[in-house]
Peer 1: 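Structure incoming, see below.
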Amino acid sequence: EQVKTCTVSEGLVMDEQLTYQLLKIMKHNGNVWELIYEGYEFGQVTYFLDTLKEKQYISTDGTGKTSITPIGEAFLSGFEANNSVKQYSK
């Protein structure tokens, strides 16, 4: 099993598939361990979540709860439509 390693300074890239996975995890109160098992490191997952905040796909309220924004929901819908993702799959 190959572990994906890189630092943020190496230009870590978050593609649409990864964006979709993270948003689905967030939407369904999933667990980022799914990504850890795929070989990502916690620091990378944190970086990806920060990137989603910068893109305004997710936001954190005053109590610290993170949720998907309408922009994030639009990305999910568009990705599912463009990639023929079955609506019942999480």
Side-chain angles (χ1 to χ4, degrees):
E1 179 181 329
Q2 183 175 355
V3 176
K4 298 175 179 111
T5 59
C6 61
T7 62
V8 173
S9 62
E10 289 179 25
L12 194 55
V13 176
M14 186 168 72
D15 63 12
E16 284 194 344
Q17 178 65 41
L18 181 57
T19 300
Y20 178 76
Q21 278 182 277
L22 278 167
L23 288 173
K24 286 302 257 191
I25 289 169
M26 299 291 299
K27 183 173 182 168
H28 297 287
N29 294 319
N31 196 320
V32 295
W33 277 101
E34 177 181 325
L35 296 172
I36 303 303
Y37 294 141
E38 288 182 21
Y40 290 99
E41 298 169 2
F42 279 111
Q44 292 171 321
V45 174
T46 301
Y47 171 77
F48 294 143
L49 291 173
D50 287 343
T51 301
L52 290 179
K53 283 182 186 173
E54 287 173 17
K55 291 183 173 185
Q56 298 180 348
Y57 286 6
I58 61 174
S59 64
T60 306
D61 67 16
T63 66
K65 182 176 190 270
T66 302
S67 57
I68 297 178
T69 66
I71 296 169
E73 288 287 354
F75 174 87
L76 282 176
S77 297
F79 184 90
E80 289 173 350
N82 293 335
N83 293 282
S84 302
V85 176
K86 299 213 182 334
Q87 294 300 314
Y88 59 80
S89 81
K90 290 186 183 179

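Numbering of residues begins at 1 and proceeds along the displayed sequence. What you see is a predicted model; the values in this text were computed from it and never measured.
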Peer 1: Return the minimal non-hydrogen interatomic distance between Ile68 and Lys27, and the atom names on each side.
Peer 2: CD1-CB, 3.3 Å
Peer 1: Would a distance-only check, ignoring hydrogens and angles, find a side-chain to backbone donor-acceptor pair under 3.5 Å from Thr69 to Gln56?
Peer 2: yes
Peer 1: Taking the ring of Trp33 and the ring of Phe42, is the distance between their centroids below 6.0 Å?
Peer 2: yes
Peer 1: Measure the spacing between CD of Gln21 and CG of Asp15 and express it to the nearest 0.5 Å.
Peer 2: 8.5 Å
Peer 1: Can you list the steps and then say if Leu49 with Met26 is a side-chain contact (heavy atoms from CB on, under 4.5 Å)?
Peer 2: CA-CA 10 Å; Leu49 291 173; Met26 299 291 299; 4.0 Å; yes
Peer 1: Atom CZ in Phe48, atom NZ in Lys53: separation rounded to 0.5 Å?
Peer 2: 15.5 Å
Peer 1: Does a side-chain heavy-atom distance below 4.5 Å link Leu35 with Ile25?
Peer 2: yes
Peer 1: Determine the minimum heavy-atom distance between Lys55 and Ile71, stating which atoms define it.
Peer 2: O-CG2, 4.2 Å
Peer 1: Are Thr51 and Tyr47 close enough that some pair of their side-chain heavy atoms sits under 4.5 Å apart?
Peer 2: yes
Peer 1: Once you round to the nearest 0.5 Å, how far does CG of Asn31 lie from OH of Tyr37?
Peer 2: 7.5 Å
Peer 1: Heavy atoms only: give me the nearest Leu23-Ile58 pair and the separation to one decimal.
Peer 2: CD2-CG2, 3.7 Å
Peer 1: Should the pair Tyr20 and Phe79 be assigned to parallel (<30°), tilted (30 to 60°) or perpendicular (>60°) ring geometry?
Peer 2: parallel
